[in-house]
Amino acid sequence: MSVLQSSYTENPAKGYPGMIANGETSNRITRTCETAAGIAFGAPCYRGSGDHGAVGTVGTLATFLGFAVATSALGALPGADADEYQQYDNMTIITSGAVYVTVVGAVTDGAALTVGTGAGAADGIGATAADATHIATGWIADETVTNGLCRIVKR
C-alpha cells in the first residue's frame, strides 16, 4: 500500500481567514459580491449599490455589514483565486459570532477592532485607531496576536 503522507507538522494551523471559529451562536447573511476584483475570505464587507449587494472597498460604519465567511462550495474560474468570492457570487457574511481574520499590527484579547485604509498600523483590520476609517462596533479580538490570524468575536 502506498503512503499518502509520511510527515506531519508539529503545530497544525489554527484556522484560516473567514473560517468560523467555533459552534457558538452567530448570525450570517447572504449578499451578492459586487466588487470586480472579488472579496477575500475574512475581509470586511460593506453595503453595495444594488439590492442585497456587498463590496470589499472600505466604507463607513453605517455601511459596514460584517466579515466574509470562507466556503469550499465555489468553483474557481481560470485565473481566479480560490480563497475569495468572485464578482456576482452569492457570499456569506457573518454579522455576529466568532470568525478568523488576518489582523495588521498588535491586537490584545478584548481589544476593540478597527478597519482602515491608511498607510499606518490600522491599514486593514487591527486595534489602532490612528488612521482607521471606523471602529468595527461590537467586534473584539478573542486572543492576542501580532500581524497574523486572529479569532474575533461579536457577542
message: Under the rule for salt bridge (Lys or Arg N to Asp or Glu O under 4.0 Å), what residues qualify as partners of Asp142, not counting sequence neighbours?
response: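 Asp142 satisfies salt bridge (Lys or Arg N to Asp or Glu O under 4.0 Å) with Arg151, Arg155 only.
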Mind checking the [atom1]-[atom2] spacing from [X] to [Y]? Nearest 0.5 Å is all I need.
| X | Y | atom1 | atom2 | value |
| --- | --- | --- | --- | --- |
| Ile94 | Ser26 | CD1 | OG | 4.5 Å |
| His134 | Thr60 | NE2 | OG1 | 7.0 Å |
| Thr71 | Ile20 | OG1 | CD1 | 10.5 Å |
| Ile125 | Leu113 | CD1 | CG | 7.5 Å |

Side-chain touch [X]/[Y], heavy atoms, less than 4.5 angstrom:
| X | Y | result |
| --- | --- | --- |
| Thr137 | Phe64 | no |
| Thr9 | Asn11 | no |
| Val99 | Ile152 | yes |
| Glu84 | Ile39 | no |
| Thr32 | Asn90 | yes |

message: Is there a ring-ring contact (aromatic ring centres under 6.0 Å, His included) between Phe41 and Tyr85? Walk through the geometry before answering.
response: CA-CA 7 Å; Phe41 297 158; Tyr85 290 100; 5.2 Å; yes
I need the minimum non-hydrogen distance between [X] and [Y], along with the two atoms involved.
| X | Y | value |
| --- | --- | --- |
| Val107 | Gly126 | CG1-C, 3.8 Å |
| Ala141 | Thr108 | CB-O, 3.4 Å |
| Thr102 | Pro17 | OG1-CG, 3.5 Å |

message: List the residues meeting side chain to side chain contact (heavy atoms under 4.5 Å, CB included) with Val55, not counting sequence neighbours, and say none if there are none.
response: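 Counting only residues at least two positions away or on another chain, Val55 forms a side chain to side chain contact (heavy atoms under 4.5 Å, CB included) with Glu34, Thr35, Tyr46.
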Contacts of Ile140 that satisfy side chain to side chain contact (heavy atoms under 4.5 Å, CB included) - sequence neighbours left out: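 Here the qualifying residues are Val153.
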- prompt: Would the number of heavy atoms belonging to other residues, nucleotides or ligands and lying under 6.0 Å from CD1 of Ile135 be above 12?
  reply: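 12 or below, so no.
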- prompt: In this structure, are over 12 heavy atoms from other groups packed under 6.0 Å from Gln5 atom CD?
  reply: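 Correct, the count exceeds 12.
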